[in-house]
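Just below is one structure, and these are the notes that go with it.
Nothing here was measured: the structure is a model prediction, and the numbers come from that model. Numbered from 1 within each chain, the chains take letters A, B, ... in sequence-line order.
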There are 2 protein chains.
Amino acid sequence: MITTITMNAAIDKTYITPSFAIDKLHRVKEMYAFAGGKGINVARVVHALQEPVTASGIIAGHNGKFIEAALAEEGIAHQFVAVEGESRLCLAITDPSTGSVTELLEAGPALTEEDVELMKLTIARLARTSTHVVMSGSLPQGCPVTFYKDCVDIIRENGASPILDTSGDALVSGMEGRPLLIKPNEHEVLKLTGSDHADEDAILQAIHAVMEQGIQSVVVSLGAQGALAGMYNRIYRVTIPKVDVLNTVGSGDSMIAGLVVGDKRGMLPEEQLKLGAACGTANALTPAAGMVSLTQVEELMKSISVQQIS
Amino acid sequence: MITTITMNAAIDKTYITPSFAIDKLHRVKEMYAFAGGKGINVARVVHALQEPVTASGIIAGHNGKFIEAALAEEGIAHQFVAVEGESRLCLAITDPSTGSVTELLEAGPALTEEDVELMKLTIARLARTSTHVVMSGSLPQGCPVTFYKDCVDIIRENGASPILDTSGDALVSGMEGRPLLIKPNEHEVLKLTGSDHADEDAILQAIHAVMEQGIQSVVVSLGAQGALAGMYNRIYRVTIPKVDVLNTVGSGDSMIAGLVVGDKRGMLPEEQLKLGAACGTANALTPAAGMVSLTQVEELMKSISVQQIS
């Protein structure tokens with residue numbers, strides 16, 4: 001089983017609002033609401049790839065119940081820790097007449113020390129029956145910055161491989177535990193190594209530096225330019241086909257899902273990267289995060305190339 | 001007991017969003033969420049006036065559970081009919097830097113014929129132990145336009161006085177049952193009588209015409225100009241003090257609450273109107289709909305004058 005952790009699960013809601021304007025009243029005729037948050041997106045794609053998955057993390061209140069019910073409806077197993085308060089609503093107001101996307105993100109619940117301990121115990125238990133535990137996204141209020149570092153250790157001690165997809169201090173701290181895989185963006189990876197260049201050479205050097213810290217895989221997504229990746233001290237370039245992008249939200253999460261499923265299935269690095277890039281690209285073709293199909297992913301894999309460059 | 005009916009109960013949520021701009025991402029640091037909908041606002045003010053009240057109507061899904069829990073926390077008794085779907089979210093994005101209020105109103109659940117019948121049976125049962133049943137707001141999808149007319153009859157047959165605060169076709173139809181009180185705005189009352197003038201004389205003629213149809217009381221709120229009201233074939237002018245208005249949402253509902261409590265307590269028309277106007281004015285001084293205090297209402301009553309003008 002693969003477990004995903006979303007420490008601030010959300011309802012992702014989209015309003016389709018033609019002629020959206022400030023200081024006006026709009027009646028929302030078309031809207032979508034899904035269980036959201038980066039780890040949940042990962043779980044959705046792992047599920048689409050037909051690999052057993054459990055979504056875990058923190059939920060709260062009536063919005064939390066909505067998230068659980070929505071996952072159940074999608075057939076995704078889940079085991080969340082419920083805390084006081086309300087899970088956040090992340091609202092995207094899209095205006096098809098202008099293409100604008102106005103986002104309003106609530107903060108979500110604040111954790112107590114007890115909540116944090118309960119979450120660690122839950123992760124430990126899930127890790128015992130998992131091959132991989134993927135931790136995605138930012139930490140909620142009340143959660144110490146060292147949380148992911150502690151969890152990397154807990155996951156490994158309980159026999160699973162830890163994967164970390166976050167940013168900022170939570171990433172810097174979490175990397176100390178040497179997770180199996182991280183997926184910083186290009187700015188983040190350069191910041192990790194203190195580089196002030198932004199060219200490909202600087203990214204490649206940064207990838208090498210991260211691998212030298214004992215992190216097996218580091219994947220840097222470059223959007224339409226594909227990705228650069230380091231795995232087992234080798235560097236790969238991933239080239240993706242030109243596609244009509246509908247939505248890039250969740251593409252990074254989808255890529256993680258492909259990479260983790262690839263690792264679980266014992267694929268070679270080139271094949272893992274191909275599956276990851278296909279999932280990320282498939283996500284960009286669908287309106288909602290992580291709503292990819294296996295057929296679509298398999299079709300896209302044919303037009304993705306992965307080349308070892310050093 | 002007074003019963004209030006909200007056929008499309010909502011979560012009323014406010015985001016305080018400085019520098020709100022289209023096509024940007026905003027992290028919401030300050031927000032409020034209340035049980036909302038016009039009948040719920042009425043119930044809140046009846047409760048503040050220390051009169052027993054039950055809020056009823058239609059709720060759905062996890063948002064419906066939120067509404068019930070929020071009412072319970074306020075100490076307001078409730079007995080809703082739960083249907084399929086999700087109760088709507090009514091979002092107000094307020095920008096303190098410009099004073100703008102951007103509103104996004106979801107549609108809410110659609111009712112089946114069975115839901116409508118169950119609601120009627122619930123209203124019948126509540127009417128039996130109520131002196132007044134207040135029906136407020138628009139009808140949800142799937143609810144026939146004659147619904148309020150049917151309910152006016154049902155309420156009266158079960159021994160309570162029906163009060164109707166709605167607009168458009170639902171008002172026109174509901175008036176056929178001759179509710180005790182309606183509260184159209186000035187445009188609505190002129191439309192009811194087909195008048196194309198908009199001066200005070202036209203409003204007074206329209207009020208007379210409505211009373212002649214067998215509706216005992218018709219109150220037309222004029223905002224800062226107070227109100228004109230017809231009761232028992234007499235006409236009254238209500239004059240309110242000049243106040244610093246913070247929020248007018250819910251002022252009409254608050255006025256209804258005062259009028260109904262006044263009627264229940266056997267007050268004379270002048271005193272009923274004074275209590276109603278005080279509740280409406282008190283609401284305008286508070287940031288959220290219906291969050292008035294008894295002290296505030298009693299204080300405001302001293303500066304409101306009601307004069308019989310014909």
Side-chain angles (χ1 to χ4, degrees), chain A residues 8 10-11 13-35 59-70 72-73 84-95 97-110 138 140-141 249, chain B residues 8 10-11 13-35 59-70 72-73 84-95 97-110 138 140-141 249:
Chain A
N8 205 349
I11 298 179
K13 196 176 257 193
T14 302
Y15 289 161
I16 314 293
T17 314
S19 309
F20 180 59
I22 288 175
D23 216 17
K24 299 283 178 218
L25 184 149
H26 304 272
R27 291 189 189 277
V28 180
K29 298 216 169 57
E30 199 185 346
M31 66 170 216
Y32 306 96
F34 299 105
I59 53 167
H62 303 280
N63 287 349
K65 295 277 180 206
F66 177 97
I67 291 165
E68 287 184 318
E73 202 153 301
E84 282 286 301
E86 277 290 335
S87 282
R88 62 195 173 138
L89 178 68
C90 295
L91 179 64
I93 305 161
T94 66
D95 182 348
S97 57
T98 62
S100 72
V101 181
T102 308
E103 288 181 89
L104 292 143
L105 314 184
E106 297 180 1
S138 57
Q141 306 168 70
V249 175
Chain B
N8 206 349
I11 298 179
K13 196 177 256 194
T14 302
Y15 289 161
I16 314 293
T17 315
S19 309
F20 181 59
I22 287 174
D23 218 17
K24 298 284 177 218
L25 184 149
H26 304 273
R27 292 190 187 277
V28 180
K29 298 215 169 58
E30 200 185 346
M31 65 171 216
Y32 306 95
F34 299 105
I59 52 166
H62 303 280
N63 286 349
K65 295 276 180 206
F66 177 96
I67 292 165
E68 287 185 316
E73 201 154 302
E84 281 287 301
E86 277 290 334
S87 282
R88 64 195 172 138
L89 179 68
C90 294
L91 180 64
I93 305 161
T94 66
D95 182 348
S97 57
T98 63
S100 72
V101 182
T102 308
E103 288 182 89
L104 292 143
L105 313 184
E106 296 180 1
S138 58
Q141 308 168 67
V249 175

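Lys24(B) touches chain A through its backbone: at least one of N, CA, C or O sits under 4.5 Å from a heavy atom, while the side chain does not. The part of Lys13(A) that comes within reach of chain B is its side chain, from C-beta onward, which places non-hydrogen atoms under 4.5 angstrom from that chain.
Between Phe66(A) and Glu86(B), the shortest heavy-atom contact is CD1-OE2, 3.6 Å. Considering every non-hydrogen atom in both Ile22(A) and Phe20(B), the closest pair reads CD1-O, 3.3 Å.
No other option in Ala107(A), Ala21(A), Gly61(A) has as many heavy-atom pairs under 4.5 Å with chain B as Ala21(A). When the candidates Arg27(A), Lys29(A), Arg88(A) are compared by the number of heavy-atom contacts under 4.5 Å with chain B, Arg27(A) comes out ahead. Between chain B and the options Thr17(A), Thr102(A), Thr98(A), Asn63(A), the largest number of non-hydrogen pairs under 4.5 Å is found for Thr102(A).
Atom CD of Gln141(A) has more than 12 heavy atoms from other residues, nucleotides or ligands within 6.0 Å.
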Check: Passes side chain to side chain contact (heavy atoms under 4.5 Å, CB included), Lys65(B) versus Lys65(A)? Steps please.
Finding: CA-CA 10 Å; Lys65(B) 295 276 180 206; Lys65(A) 295 277 180 206; over 6 Å; no
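Here Leu91(A) contributes atom CG and Leu89(B) contributes atom CG; the two are 8.0 Å apart, rounded to the nearest 0.5 Å.
Every residue meeting the side chain to side chain contact (heavy atoms under 4.5 Å, CB included) condition with Val101(B), not counting sequence neighbours, appears here in chain and number order: Asp23(A), Ala92(B), Thr94(B), Glu103(B). Here Phe34(B) pairs with nothing under the ring pair (Phe, Tyr, Trp, His ring centres under 6.0 Å) rule; sequence neighbours left out.
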